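Everything on this sheet refers to the single structure shown next.
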Number of protein chains: 2
Amino acid sequence: MTSQPAARARQRDADRTRAEILAVARSEFARNGYAGARVDEIAELMRTTKRMIYYYFGSKERLYIAVLEKAYAEVRDVERTLDVEHLAPVEAIRTLAELTFDHHDAHREFIKLVAIENIHQAEHIRKSEVLANLGTPVLDLISRILAAGRATGDFVTEADAIDVHMMISSFCFFRVANQHTFGALFGRDMTAGEHRARLRRMVGEMAVAYLRGAGARA
Amino acid sequence: MTSQPAARARQRDADRTRAEILAVARSEFARNGYAGARVDEIAELMRTTKRMIYYYFGSKERLYIAVLEKAYAEVRDVERTLDVEHLAPVEAIRTLAELTFDHHDAHREFIKLVAIENIHQAEHIRKSEVLANLGTPVLDLISRILAAGRATGDFVTEADAIDVHMMISSFCFFRVANQHTFGALFGRDMTAGEHRARLRRMVGEMAVAYLRGAGARA
DNA sequence: GGTGTTACGAACTAGATAGTTAATTAACGT
DNA sequence: ACGTTAATTAACTATCTAGTTCGTAACACC
């Protein structure tokens, strides 16, 4: 017989140690910002020690970049599953806007990471080779919907795909990212359940109404 | 005659020392976030010493709160000068949206402070007695425009003043606050001059088109 | 069952950082 | 002139924090 119980799980597992560090680091960075995050705090929340963070990632900054890379990779995977092109242009845009809303609603930590990265002027994204060259499938999708909508005469505005993506994202992002100051100043929690359905409708109607050209000057 | 040259500025001036600390602190906090800001760094950028920060503000956190209070007070003063009620509802909303755009364009540091405060879940705003009870004149303004627009039949959507304010703010805020990650990922600087006029038109058209109900489901 | 390699842990360090102590000087009223 | 107080300075400290040193134990392979 061995000196170790055979039933015991592996005690050394590089993959899960690495993954756990990333998961804990993500929430620590999202909660406290880059400078506010503490490497010791991350270590304490894990089964392993601080030494492992440096073993696998080398530095606080490289750990943070790895967190960003993983977060963005997951988002892009979701975007690739978007399937709205079977719809007529108007409904395709509306649905895309509503799905974007849902996606932001479901990925609050990612949104905080993006907000944090903007405070640092995206310097870490620019340092990442994988992120700096990360296209986004959603732009092609919007381009195709816009072209189809212009062909049918439904869409008349000058905006291009990036503009439309920005318009939709801004609404969805702001609602989550700015919920705290907005709530403190206006006494309304934009992320509360009682407002969710109305705001979700709103982003779809907003995108459609704009593209139809209803806001043009007389 | 006095022992001091009359032309010489006062060497001790509580008001200007206090004001200089606030100004330097604002840009330091905006640049680096709350945790990333360094009290020593603020001191080095001033004519005075670190001790003065503690003399006037007591702690890093109270300094930060004072910076927020001053920044929000300035914004509210601008909002009070908004004068669009002489316009018809549609043009009033469009103009309000475009002025909001201009305002965000001109106050980048304030926007960064708000983004930073959201990362910290507005905990400092809530600690401030003056900020926690800060209403916003713009909400009343929007309410009146909405009522007028519904009376004329121009506006038909369900959104209330807070919703409309959120929709307009999100576009303007996002463009500035997320310029860095957006630029890194999509290769477009939303704040560059070549996009400014188009995006400014866009926020006005978006608000008007939405309120006219052009996005409603068939 | 021995050997090399990968994964891991405890304790440590150098420098940074918020906050303090205590002495000093300018302004101002009388 | 002079005393009082508000404003200011330089040097100090306790603690925190990213990053390291060095030794050890599990695993793979033969």
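What you see is a predicted model, and the numbers here were worked out from it, not measured in a lab. In the text below, chain A, chain B and the rest are named by the order of the sequence lines, each starting its count at 1.
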Practice task
Considering just the side-chain nitrogens and oxygens of T17(A), establish if one lies under 4.0 Å of OP1 or OP2 belonging to dC8(C).
Solution key: yes
Practice task
May I ask you to verify if any side-chain N or O of Y54(A) is less than 4.0 angstrom from the OP1 or OP2 atom of dT21(D)?
Solution key: no
Fill in the blank from the handout: Quick note, M52(A) side chain, CB onward, closest among dT17(D), dT9(D), dG9(C) is dG9(C)
Handout entry: Of D15(B) and G58(A), the one whose closest DNA chain D nucleotide lies more 5'
Key = D15(B)
Problem - Close aromatic pair by centroid cut-off 6.0 Å: F186(A) and H165(B) - result: yes
Exercise for the section: Nearest whole angstrom, please: distance from the P of dT5(D) to the CG of D13(B). Expected result: 21 Å
Handout entry: H180(B) and E117(A): side chain donor to acceptor below 3.5 Å
Key = no
Problem - Options dA10(D), dG19(C), dA6(D), nucleotide nearest the side-chain atoms of K50(B) - result: dG19(C)
Fill in the blank from the handout: Taking dA18(C), dG9(C), dA7(D) as options, the one with an atom nearest any side-chain atom of R38(B) is dA18(C)
Problem - Selection from dT8(D), dA26(D), dT17(D) that lies nearest to any side-chain heavy atom of D40(A) - result: dT17(D)
Practice task
Nearest whole angstrom, please: distance from the P of dT17(C) to the OH of Y34(B).
Solution key: 14 Å
Practice task
Using whole Å, report how far OH of Y64(B) lies from P of dA18(C).
Solution key: 15 Å
Practice task
Fit a plane to each ring of H120(A) and Y34(A), take the angle between them on a 0 to 90° scale, and name the class: parallel (under 30°), tilted (30 to 60°) or perpendicular (over 60°).
Solution key: perpendicular
Practice task
Report yes if at least one side-chain N or O of T48(A) is closer than 4.0 Å to OP1 or OP2 of dG9(C); otherwise report no.
Solution key: yes
Problem - Minimum-distance nucleotide (side-chain atoms of Y56(B) versus dA7(D), dA10(D), dG19(D)) - result: dA7(D)
Problem - M46(B) CE to dT8(D) C1', straight-line distance once rounded to whole Å - result: 11 Å
Handout entry: Rounded distance in Å - CG (L63(A)) to P (dG19(D))
Key = 10 Å
Handout entry: Separation of atom OH in Y55(A) from atom C1' in dG19(D), rounded to whole Å
Key = 17 Å
Exercise for the section: Answer with base, sugar-phosphate or nothing: what part of the nucleic acid does A37(B) contact at a heavy-atom distance below 4.0 Å? Expected result: sugar-phosphate
Handout entry: Of the listed nucleotides dT8(D), dC8(C), dG19(D), the one nearest the side chain of K60(A)
Key = dG19(D)
Handout entry: Minimum-distance nucleotide (side-chain atoms of R51(A) versus dG19(D), dA10(C), dT6(C))
Key = dA10(C)
Handout entry: Interatomic distance where CZ belongs to F57(B) and C1' belongs to dG19(C) [whole Å]
Key = 16 Å
Handout entry: Inter-residue atom distance D189(B).CG - Q179(B).CD, 0.5 Å rounding
Key = 6.0 Å
Practice task
Answer yes or no: are there more than 12 heavy-atom neighbours, outside R188(A) itself, under 6.0 Å from its atom CZ?
Solution key: yes
Problem - Spacing of I42(B) atom CD1 relative to dT17(C) atom P, expressed in whole Å - result: 12 Å
